[in-house]
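The figures that follow rest on heavy atoms only: side chains count, while hydrogens, waters and symmetry mates do not. Chain letters run A, B, ... following the sequence lines, proteins first and then strands; every chain starts at 1. Just so it is clear, the model here is predicted, and its values are computed rather than measured.
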There are 2 protein chains.
Amino acid sequence: MTQKPKPLHSIKVEGPIPAHLARSVIEETLRSAILDGRLPCGTALRQQDLADLFGVSRMPVREALRQLEAQELLSVTTHKGAVVAPLIQGDAAETYELRILLESEAMRQSIPLLTEAEHQLAAGYIDELEAQHDYNEIGRLNRLFHMALYSKAPNQRLLRLVEDGLNEEERFLRFNLEAMGLGKLSQDDHRAMLQAVIERDIPRSLEMLEQHLNRGVEVITRYLATPAAQKRHTAR
Amino acid sequence: MTQKPKPLHSIKVEGPIPAHLARSVIEETLRSAILDGRLPCGTALRQQDLADLFGVSRMPVREALRQLEAQELLSVTTHKGAVVAPLIQGDAAETYELRILLESEAMRQSIPLLTEAEHQLAAGYIDELEAQHDYNEIGRLNRLFHMALYSKAPNQRLLRLVEDGLNEEERFLRFNLEAMGLGKLSQDDHRAMLQAVIERDIPRSLEMLEQHLNRGVEVITRYLATPAAQKRHTAR
DNA sequence: GTCGTAATATTTGGATCCAAATGACACTAG
DNA sequence: CTAGTGTCATTTGGATCCAAATATTACGAC
């Protein structure tokens, strides 16, 4: 039996592709599939399989893979194929240190400009997080909550880096939350942070954010040291 | 006469390319040519020309261009071709604001770990800058000086973002220094900053850095408002 | 039975060919 | 003389074909 474990089923492609924008469609489809976790990190992507799936030749697939490689979503080794890039591992501490720096500034810029609308949006995400048990949704909601707080920061470049970091964390959480044991994250951090933000108390908000992220990095590094994580992150 | 203004001469290619790593060679060659200014922003890159130049088919060229596009060094519009990406423009303020954030942290992390060797290296760059009149070299030396001060920061991710910012500035300086009127930058800022760094006076070092970068953004925004800059940055 | 080697199969990378789209130019009409 | 339109040339995007490299598997020797 050629029973190959290909999680490509999750990638749906509706109808034939308009032919002359095949590459961009493929790139976008793959990117979102990687970011939202339908393609877990470590899965190998065969050019021919993708070509068949999209109903095109290997050519546009190749170019799409190259672009995703340049964006560090894939790691391609010559003649060996494209593999969905691994997530934070040893550099978890560095990653979170950088996030604290970037997100603190984003929050500082954003807080004075946030309106009632964003406050309620963020509160809504917390409620959803409280009720949610689906790991995929938890990662997504967590990202949306944070972005809601930063969204008004005027510096678009900063905001994009912040978003990159959150996307990376989302991928990581989606993939590891279950293995990490903690089924549901307590929303205490989030509630306290939102309260400080609503009161426009910038120093306290930043303090909360830093604590929150530090707690995150602590949980993750502890988890990464466990045998379960070792196994999960090697040999792929 | 087919007198086409192609600055491709500056790209040298020694001997035939090893055939199976054509793409990576082309990508690297083009990247460095763009970063160090041999391909000024705005130049159009024809696939066939590049293929002829490197002595290969258009195929590896296409993939290399795609990767550079994903890295935002090129902007490719379908059926119109690849153009070397424009530089900081309206968002100069944002760019420098972000740089202050990132480089301050890098400097804070690096200062305690710097040794005599780096101090002397940085001092050497200042001396070279003082003597140098070649705009290309000025941009390069400026980048090397800054990186010398940050180089010991343990956070590699942070350091990479810092390096991206410095590369962008270098491209900008190389292309605009002459037009900006200021033939040679005064090295007072650099000297004062280095002195503070050597004394391991972190608060003063950061203060100097912030001032230095703010002066930079001021000069640039003032320049960008001039008609000369307008002309230089439109219609290419 | 296990390890090492050789042959095969799979997969990626490059070349060539063809189609579609955009830009330039010339020709015509007003 | 100018504006508009139609044709042609240039250039990119996709498909197909071929070669090189690596992984896999089978076979044989110890």
key: Closest to side chain of A/Lys80, choosing from C/dG14, D/dT22, D/dG14   = D/dT22
message = Quick check for you: among D/dG13, D/dT22, D/dA15, whose closest atom lies nearest to any side-chain atom of B/Val76?
response =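 Shortest atom-to-atom distance from the side chain points to D/dG13.
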inquiry  = Test side-chain hydrogen bond (donor to acceptor under 3.5 Å, both in side chains) on B/Asn155 and B/Glu105; report intermediate values, then the result.
reply    = CA-CA 10 Å; B/Asn155 193 324; B/Glu105 179 61 23; over 6 Å; no
Rounding to a whole Å, what distance do you find between [X]:[atom1] and [N]:[atom2]?
X	N	atom1	atom2	result
B/Phe54	C/dG13	CZ	P	18 Å
B/Glu27	C/dG13	CD	C1'	15 Å
B/Gln48	D/dA9	CD	C1'	15 Å
A/Glu63	C/dT12	CD	C1'	15 Å
A/Arg46	C/dG13	CZ	C1'	15 Å
B/Leu21	C/dG14	CG	P	8 Å
A/Arg66	C/dG13	CZ	C1'	8 Å
B/Leu50	C/dG14	CG	P	15 Å

ask   = Do the side-chain N or O atoms of B/Gln47 get closer than 4.0 angstrom to the phosphate oxygens (OP1, OP2) of D/dG13?
value = yes
ask   = Rounded to the nearest 0.5 Å, what separation is found between the CG atom of B/Leu166 and the NE2 atom of B/His146?
value =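 One gets 6.5 Å once the value is rounded to the nearest 0.5 Å.
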key: Atom pair CZ/CD of B/Arg174 and B/Glu169 - distance to nearest 0.5 Å   =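 With rounding to 0.5 Å, CZ (B/Arg174) is 11.5 Å from CD (B/Glu169).
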What pairs of nitrogen or oxygen atoms, one from the protein and one from nucleotides 16-19 of chain C, lie under 3.5 Å apart?
none

ask   = What residue among A/Leu68, A/Leu73, A/Ile34 forms side-chain contact (heavy atoms from CB on, under 4.5 Å) with A/Val84?
value = A/Ile34
ask   = For B/Glu27, what residues pass the salt bridge (Lys or Arg N to Asp or Glu O under 4.0 Å) criterion, not counting sequence neighbours?
value =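 Per chain and number, B/Glu27 pairs via salt bridge (Lys or Arg N to Asp or Glu O under 4.0 Å) with B/Arg23, B/Arg31.
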ask   = Looking for any heavy atom pair under 4.0 Å, which part of the strands does A/Leu45 touch: base, sugar-phosphate only, or nothing?
value =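 Contact class for A/Leu45: sugar-phosphate only.
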remark   = Heavy-atom nearest nucleotide on DNA chain D taken for A/Thr78 and for A/Arg23; more 5' hit belongs to A/Arg23
remark   = With B/Gln67 as partner, the option from A/Gln67, A/Gln71, A/Glu69 fulfilling side chain to side chain donor-acceptor pair (under 3.5 Å) is A/Glu69
key: Least distance between heavy atoms, A/Leu209 atom then A/Ser104 atom   =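 Shortest heavy-atom contact: CD2-N, 3.7 Å.
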